[in-house]
Amino acid sequence: MSVEADGADRVLQRIHRRRASGAQATAPRRGARRTILTTIREIPNYLRLLGGLITDGRVSTLDKVLVAGAIVYIVMPVDLIPDAIPFLGQVDDIYLLMFALQRLIRRAGADVVADHWAGDPAVLTPRYLREVLLAASFFLPRRIRRKLRRLAR
């Protein structure tokens with residue numbers, strides 16, 4: 001079993017445990033714009049997640065630097081697409097965030113990430129993260145996508 005598949009299994013197990021304990025999860029929405037809008041609404045939860053990961057001793061120093069960079073990029077109003085532009089201004093933030101989360105789940109582990117997540121557990125599954133990346137890439141020019149991928153490495 002690959003590391004990514006193992007991480008996906010752990011995320012799904014964690015989600016099932018949370019659902020059994022009474023946590024509610026909504027079904028993912030369809031369509032690129034809806035997916036991005038749903039994810040934009042989760043940005044405060046993502047920032048809390050990243051803040052928790054910075055203080056977690058189980059996260060490597062290199063990954064903490066990546067987390068700090070993602071937080072700075074999301075919070076800064078000046079980036080590749082300025083946040084003052086409604087909707088599109090947040091798409092590049094979401095794109096970088098999804099790349100960072102994929103890496104963190106793969107390297108730090110799904111359990112570590114899930115321990116700091118306060119939102120809907122369904123949005124941490126690898127499948128959902130890929131859906132958001134695809135939706136965001138629909139709105140971003142190729143040049144910006146490449147720059148964001150380089151930032152996330």
Side-chain angles (χ1 to χ4, degrees), residues 4-5 7-54 56 59 63 66-149 151-153:
E4 186 173 323
D9 288 341
R10 284 187 285 164
V11 168
L12 290 174
Q13 289 171 357
R14 182 84 172 200
I15 289 167
H16 291 299
R17 283 194 301 263
R18 279 187 132 174
R19 283 186 182 159
S21 68
Q24 294 294 325
T26 58
R29 296 178 171 209
R30 298 286 178 219
R33 186 173 174 85
R34 283 190 196 135
T35 300
I36 295 300
L37 287 172
T38 300
T39 306
I40 287 171
R41 286 186 208 105
E42 291 284 341
I43 285 178
N45 286 328
Y46 285 120
L47 288 173
R48 278 192 290 280
L49 167 68
L50 295 175
L53 290 170
I54 283 180
D56 195 311
V59 178
D63 288 332
L66 172 69
V67 167
I71 290 172
V72 168
Y73 189 86
I74 291 168
V75 174
M76 292 284 296
V78 179
D79 44 43
L80 294 175
I81 300 176
D83 291 340
I85 300 171
F87 183 74
L88 288 178
Q90 286 76 40
V91 172
D92 63 328
D93 298 344
I94 296 296
Y95 194 78
L96 180 65
L97 177 65
M98 293 303 117
F99 266 115
L101 281 175
Q102 284 181 330
R103 177 188 164 110
L104 285 167
I105 289 171
R106 200 170 41 251
R107 291 183 44 93
D111 290 334
V112 173
V113 174
D115 285 346
H116 296 285
W117 181 246
D120 180 356
V123 301
L124 288 182
T125 62
R127 179 179 178 210
Y128 186 80
L129 295 176
R130 280 191 303 274
E131 285 178 16
V132 174
L133 275 172
L134 286 173
S137 68
F138 179 76
F139 296 103
L140 291 175
R142 186 179 316 184
R143 189 180 95 243
I144 291 176
R145 282 194 312 255
R146 276 191 237 135
K147 286 182 182 182
L148 290 171
R149 278 190 203 135
L151 286 172
R153 288 189 184 149

If you round to the nearest 0.5 Å, how far is [atom2] of [Y] from [atom1] of [X]?
{"X": "Asp63", "Y": "Asp56", "atom1": "CG", "atom2": "CG", "value": "11.0 Å"}
{"X": "Leu101", "Y": "Arg106", "atom1": "CG", "atom2": "CZ", "value": "11.0 Å"}
{"X": "Glu131", "Y": "Ile36", "atom1": "CD", "atom2": "CD1", "value": "11.0 Å"}
{"X": "Arg33", "Y": "Ile40", "atom1": "CZ", "atom2": "CD1", "value": "8.5 Å"}
{"X": "Leu66", "Y": "Leu96", "atom1": "CG", "atom2": "CG", "value": "7.5 Å"}

Could you list the donor-acceptor pairs under 3.5 angstrom formed by side chains in residues 44-53, with sequence neighbours left out?
{"unit_1": "Asn45", "atom_1": "OD1", "unit_2": "Arg48", "atom_2": "NH2", "d": "2.5"}
{"unit_1": "Asn45", "atom_1": "ND2", "unit_2": "Glu42", "atom_2": "OE1", "d": "2.7"}

Original post:
Just by distance, do the side chain of Gln102 and the backbone of Phe99 share a donor-acceptor pair under 3.5 Å?
Top reply: no
Please report the closest heavy-atom contact between [X] and [Y], naming both atoms and the distance.
{"X": "Asp79", "Y": "Ile81", "value": "OD1-O, 2.5 Å"}
{"X": "Ala32", "Y": "Phe138", "value": "CB-CD2, 4.2 Å"}
{"X": "Ala100", "Y": "Ala70", "value": "CB-CB, 4.3 Å"}
{"X": "Leu140", "Y": "Arg145", "value": "O-NH1, 2.9 Å"}
{"X": "Ser137", "Y": "Leu134", "value": "OG-O, 2.8 Å"}
{"X": "Leu124", "Y": "Ala114", "value": "CD1-CA, 4.4 Å"}

Subject >> Sub-4.5 Å side-chain heavy-atom contact between Leu97 and Tyr73 >> reply: no
Original post:
Do Ile94 and Ile43 touch side chain to side chain, with heavy atoms closer than 4.5 Å?
Top reply: yes
Original post:
Would Gln90 and Ile85 satisfy side chain to side chain contact (heavy atoms under 4.5 Å, CB included), going step by step from the backbone distance to the final call?
Top reply: CA-CA 8 Å; Gln90 286 76 40; Ile85 300 171; over 6 Å; no
**OP:** Compute the centroid of each ring, for Tyr95 and then for Phe139, and state whether the two points are separated by less than 6.0 Å.
**Re:** no
Subject >> Within 6.0 angstrom of Phe87 CZ, more than 12 heavy atoms from elsewhere >> reply: yes
Original post:
What do the steps show when you test Ile71 against Ile54 for side chain to side chain contact (heavy atoms under 4.5 Å, CB included), and what is the final call?
Top reply: CA-CA 10 Å; Ile71 290 172; Ile54 283 180; 3.6 Å; yes
